[in-house]
Amino acid sequence: MADAGPYLRVLYVVLFHSAALTSAVITAGKLLALRHDRSPALVVIASGSVLATAAFVTTLLPVHRWIGSLTGLTGLDTLVIQLCVHGFAAHSHILAALWGRESLPDRRLGASPRALAVLYLVIAAVLTALYFSADLPDSPAVASGAGLARDPAALAFLLLSCAAGAYALLSTARACRQIHRVVGTGRPPMSRALRAIGWGSLLIVVSHLLRVLPLLTAAVTHRHPDVLRLVAPLAAGVGCHLVQYGYLAPAWSAWRRERRDFRRLRSLWDLTVRSCEPHLALHPPGRLTEGLALNVRSWYLPRRVMEIADALRTLHPWMSPEPAERVRLAASGLMPSSEVAAVCAAATLADAASRKRRGLPAHPRHGSCPVPGLPAGDERAYLVRVAAALEHPLVTGTATGRESTGTR
């Protein structure tokens, strides 16, 4: 087993840098997202990510030396790291409590988020008092844990830190499992996030146990099992990755969905806005935005939906029920009703845009708006289906036939 030590160290270094980079990226993304959304869950995720990043940064040797030179206490970085890890676990528990309150309003999953915050702040204060009462902040052995096992206050500090972290993470895993039973498979991104946070929390708890066992062994037998010391950070690294994925999965899924919808709405926007009502486009996206679609949530996607909706109202006088009737006859019994409705709307819009471009007179008496009054989220989803239906053969055939015959 001793031969595996170097390989475990290499794996640990890879996991450490990967988790640190991921944590920094999540922190930057969540802090930017706070400009548009100040929901309690996002605030908790952002502050928890900041603490995780701070824990990783504090382990760097230049930061260790900087803290020592600034405070005159060469081992103070150990306290900072422990408090950051404690805060990260506490934020995970508080986040699970918030999600539980939203998903299970009729059930009580332990203490309230506010009570949990007070509890973990008190524990952080006790940890700080124990650390300084151990009279070890200047000892280089603090960083390795070798001196902690022989000092009662130092041992109490580390045991309380591990116990508080284990309680927070076990409570997080339990809450995630209960919420997952309710959410089920109806919301795949949230379901994946809950599973990842639950399993990641359990792995970090295992790493806490693997940290405590060598210290207790060293306190009793004065021996320090190196194998457990190496396996503990590996379990913590994998668990941290899973928890970070759980933090990121819902936002990542929402971003991909928004990016996909923005691109899919382009054909409908071209048909209704660019070719028929260009004055409705206040600030059309540039080529880079259209090509990459990296940041469309706050402006470009809502604006595209609004412009299309405005163009539909403007095209209303040129809409005729005939294209939709032809589609219903051709698709009778061949497609589900939701797809038939989208194809009918696409055919009606293609016909109305064609009539307006050719300068044909409007006929408001026969017009029928193909988009009913829907909530904002449903309206976007409906327009995406209509945009996809523009490529349906029943729509392209109808539009092509009317263009070629010049039917009025």
Side-chain angles (χ1 to χ4, degrees), residues 15 18-19 22-23 26 30 39-49 51-52 55 84-121 123 160-213 231-254 256-257:
L15 283 173
S18 174
T22 305
S23 181
I26 293 176
K30 297 305 180 183
S39 63
L42 183 58
V43 172
V44 170
I45 292 176
S47 54
S49 300
L51 289 173
C84 288
V85 172
H86 169 75
F88 177 73
H91 278 72
S92 297
H93 189 187
I94 294 171
L95 177 65
L98 287 171
W99 283 348
R101 190 171 60 177
E102 296 173 0
S103 304
L104 307 171
D106 299 330
R107 296 178 59 183
R108 184 178 178 86
L109 298 179
S112 66
R114 191 183 300 274
L116 290 175
V118 173
L119 170 65
Y120 289 120
L121 284 173
I123 293 175
L160 177 60
S161 175
C162 291
Y167 167 75
L169 294 168
L170 287 174
S171 300
T172 300
R174 176 176 171 270
C176 287
R177 185 172 64 253
Q178 291 177 334
I179 298 170
H180 184 265
R181 290 174 184 170
V182 176
V183 174
T185 57
R187 296 164 61 188
M190 190 66 178
S191 178
R192 289 193 295 268
L194 291 170
R195 286 199 303 268
I197 293 176
W199 284 108
S201 298
L202 291 178
L203 277 175
I204 299 176
V205 171
V206 170
S207 75
H208 283 330
L209 294 176
L210 294 176
R211 286 180 59 208
V212 170
L213 288 176
V231 175
L234 296 182
V238 175
C240 186
H241 274 81
L242 288 174
V243 173
Q244 288 172 333
Y245 172 78
Y247 279 2
L248 194 59
W252 173 257
S253 178
R256 289 182 60 191
R257 186 167 58 251

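Index from 1, following the sequence.
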Please evaluate residues Cys176 and Thr172 with respect to the criterion side-chain contact (heavy atoms from CB on, under 4.5 Å), reporting the C-alpha separation (whole Å), side-chain torsions for both, the decisive distance (0.1 Å), and the verdict.
CA-CA 6 Å; Cys176 287; Thr172 300; 4.2 Å; yes
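Between Tyr167 and Tyr120, the ring-plane angle classifies as tilted under the 30° and 60° cut-offs.
Partners of Leu42 by side-chain contact (heavy atoms from CB on, under 4.5 Å), not counting sequence neighbours, listed by chain and number: Lys30, Ala33, Leu34, Asp37, Ser39.
Side-chain atoms of Tyr245 and Thr22 form no donor-acceptor pair, as typed in the model, at a separation below 3.5 Å. At a cut-off of 3.5 Å, with distance as the only test, a side-chain donor of Ser47 or His91 sits close to an acceptor on the other residue.
How far CD1 of Ile26 is from CG of Leu248: 5.0 Å, rounded to the nearest 0.5 Å. Residue Ser112 holds its OG atom at 10.5 Å from CG of Leu119, rounded to the nearest 0.5 Å. Between the CD1 atom in Ile179 and the CZ atom in Arg174 there is a gap of 10.5 Å [rounded to 0.5 Å]. Between the CZ atom of Phe88 and the CD1 atom of Ile204 there is a distance of 5.5 Å, given to the nearest 0.5 Å.
Here the closest non-hydrogen pair linking Pro250 and Met190 is CG-SD, 4.4 Å. The nearest pair of heavy atoms linking His86 to Ile123 is CE1-CG2, 3.5 Å. The minimum heavy-atom distance between Cys84 and Leu51, with the atom names listed, is CB-O, 3.4 Å. Here the closest heavy-atom approach between residue Ser49 and residue Tyr247 is recorded as OG-CD2, 3.9 Å. In this structure, Ala97 and Ala111 approach most closely via the heavy-atom pair CB-O, 4.4 Å. Closest heavy-atom contact between Ala175 and Ala96: CB-CB, 3.8 Å.
If you run side chain to side chain contact (heavy atoms under 4.5 Å, CB included) between Ser201 and each of Val243, Leu242, Val206, Leu170, only Val243 comes through.
Between Ser191 and His180, some side-chain heavy-atom pair lies under the 4.5 Å cut-off.
Judged by distance alone, with hydrogens and angles left aside, the side-chain atoms of His241 form a donor-acceptor pair with the main-chain N or O of Gly237 at under 3.5 Å.
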